[in-house]
2 protein chains.
Amino acid sequence: MVKRTSFEGDSCPVARALEAIGDWWSLLIIREALSGQRRFGEFQSKLGMAKNILSARLRALVDHGILATAPASDGSAYQEYVLTPKGRGAFPILVALRQWSEEFDDRPEEIATILVDRAKGRPVKKLELHAEDGRRLSSAETTLKPRLARRRRSV
Amino acid sequence: MVKRTSFEGDSCPVARALEAIGDWWSLLIIREALSGQRRFGEFQSKLGMAKNILSARLRALVDHGILATAPASDGSAYQEYVLTPKGRGAFPILVALRQWSEEFDDRPEEIATILVDRAKGRPVKKLELHAEDGRRLSSAETTLKPRLARRRRSV
DNA sequence: GCAACTTGGTTTTATGATGCAACCACTGGA
DNA sequence: TCCAGTGGTTGCATCATAAAACCAAGTTGC
């Protein structure tokens with residue numbers, strides 16, 4: 001098979017996440033959903049993507065338990081796509097991507113929005129990784145440990 | 001052109017990040033680089049990807065300033081690919097993806113590794129988003145604000 | 001010093017994924 | 001009933017990816 005390689009059986013959690021949301025559009029759809037969009041047409045017009053691709057992506061996200069379909073809240077007969085807890089759990093991934101752009105983008109002046117604390121209107125803090133005891137950890141201060149049975153497959 | 005849409009001009013920082021590292025392989029290459037891999041052959045054998053694709057990805061990552069080429073540290077005439085600060089800055093993205101899998105994966109028992117504090121061997125804490133004043137923020141407690149273009153008094 | 005092997009790729013070819021436009025079914029309103 | 005808007009599906013052209021063959025320079029064994 002000359003298929004696009006699947007990471008489904010991979011034991012690395014990063015690869016497993018990418019299997020679900022590692023394509024070009026899924027994270028943007030989740031981003032829109034987190035900011036309140038629910039309808040097919042809303043996603044399509046906000047993202048400007050082809051309808052067949054959107055259709056396929058929405059179906060895949062529903063299959064992965066990231067979105068769920070629900071009857072429209074406005075009483076019409078159409079349906080809506082709403083985030084599940086798993087979908088809302090992707091929020092830190094989006095924040096990490098956003099902050100990475102803010103810090104390293106070559107043309108940061110082209111970035112149009114800032115993520116702020118809704119209550120105070122002030123920018124949020126950077127995501128930081130901490131140890132159990134609260135020490136701030138850089139990537140060099142972490143390492144990977146096999147979980148149970150030793151199966152080898154890197155990071 | 002019926003080209004794959006580019007997010008390069010997009011003003012959303014999430015889209016801009018995906019433009020650079022939103023494809024299937026780039027984040028996995030960065031993951032390997034963070035865990036110490038440097039050589040073409042190391043990436044190729046660890047990731048099991050086609051060499052032409054790896055070649056194209058490495059070139060793109062170098063173009064984006066995420067990797068840089070350097071003479072091999074072992075004295076041979078070959079070259080190495082090392083992470084730039086921008087590349088190392090993607091660490092929180094990988095951690096976010098990893099933790100999302102750990103929390104929501106349908107078959108968490110297949111996940112082989114845990115990210116631990118190197119000093120103590122204990123699992124790291126979950127990434128959390130905090131406000132300036134330290135309050136923990138959920139996605140619902142944040143909002144997007146247009147970035148105020150700095151008022152330009154001179155040209 | 002030279003053949004054999006390794007490293008680090010490029011080229012070729014087949015196939016899957018994407019983008020776009022056209023088309024269609026259903027809904028809701030006048 | 002007619003008709004615009006919503007929510008898709010279908011075809012087709014093009015692009016990206018995968019796998020394997022190929023290749024050139026670097027390195028090793030002798």
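Naming: A, B, ... by sequence-line order, numbering from 1 per chain. Everything quoted here is computed from the prediction, not taken from an experiment.
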How close or far is atom [atom2] of [N] from atom [atom1] of [X], stated in whole angstroms?
X        : N       : atom1 : atom2 : answer
Gln37(A) : dT6(D)  : CD    : C1'   : 16 Å
Met49(B) : dA19(D) : CE    : P     : 11 Å
Trp24(B) : dT18(C) : CH2   : P     : 9 Å
Arg59(A) : dG8(D)  : CZ    : C1'   : 9 Å
Phe43(B) : dG8(C)  : CZ    : P     : 11 Å
Glu42(B) : dG9(C)  : CD    : P     : 13 Å
Gln79(B) : dT27(D) : CD    : P     : 13 Å
Arg57(A) : dT9(D)  : CZ    : C1'   : 16 Å

Quiz item: Ignoring hydrogens and geometry, is there a side-chain-to-backbone donor-acceptor pair from Gln99(A) to Leu127(A) under 3.5 Å?
Solution: yes
Practice problem: Would you please confirm or rule out a distance under 4.0 Å between OP1 or OP2 of dG8(D) and any side-chain N or O of Ser55(A)? | Solution: no
Practice problem: Give a yes/no answer on whether the side chain of Arg39(B) brings an N or O atom under 4.0 Å of OP1 or OP2 in dG8(C). | Solution: yes
Exercise. To the nearest 0.5 Å, tell me how far Leu144(A) CG sits from Ser35(B) OG.
Key: 7.5 Å
Quiz item: In Å and rounded to the nearest 0.5 Å, what is the CD to NZ distance from Glu128(A) to Lys125(B)?
Solution: 10.5 Å
Practice problem: Name the nucleic acid region contacted by Tyr81(A), choosing base, sugar-phosphate or nothing; use a 4.0 angstrom heavy-atom cut-off, strictly under. | Solution: sugar-phosphate
Self-check item: The single option from Leu47(A), Asn52(A), Ile29(A) passing side-chain contact (heavy atoms from CB on, under 4.5 Å) against Arg57(A)
Solution: Ile29(A)
Exercise. Just report the end-to-end axis angle for the helix from dG1(C)-dC30(D) to dA30(C)-dT1(D), five pairs per end, to 10 degrees.
Key: 20°
Quiz item: Within a radius of less than 6.0 Å around NZ of Lys126(B), do more than 12 heavy atoms belonging to other residues, nucleotides or ligands occur?
Solution: yes
Practice problem: Might you confirm whether atom CZ of Arg122(A) has over 12 heavy atoms from other residues, nucleotides or ligands at distances under 6.0 Å? | Solution: no
Quiz item: Can you tell which of dG8(D), dG19(C), dG9(C) lies closest to the side chain of Phe40(A)?
Solution: dG8(D)
Practice problem: Please determine, for the side chain of Ile53(B), which listed nucleotide (dG8(C), dA18(D), dT9(D)) has the closest atom? | Solution: dA18(D)
Kindly list each side-chain donor-acceptor pair under 3.5 angstrom involving residues 61-70 of chain B, sequence neighbours excluded, with atom names and distances?
none

Self-check item: Sequence-aligned protein contact record of nucleotides 21-30 of chain C, with B where the base is within under 4.0 Å of a protein heavy atom and S where only the sugar-phosphate is
Solution: ------SS--
Quiz item: Does a side-chain heavy-atom distance below 4.5 Å link Arg88(A) with Ser138(B)?
Solution: no
Self-check item: Closest contact, heavy atoms only, Ala17(B) versus Trp100(A)
Solution: CB-CE3, 3.8 Å
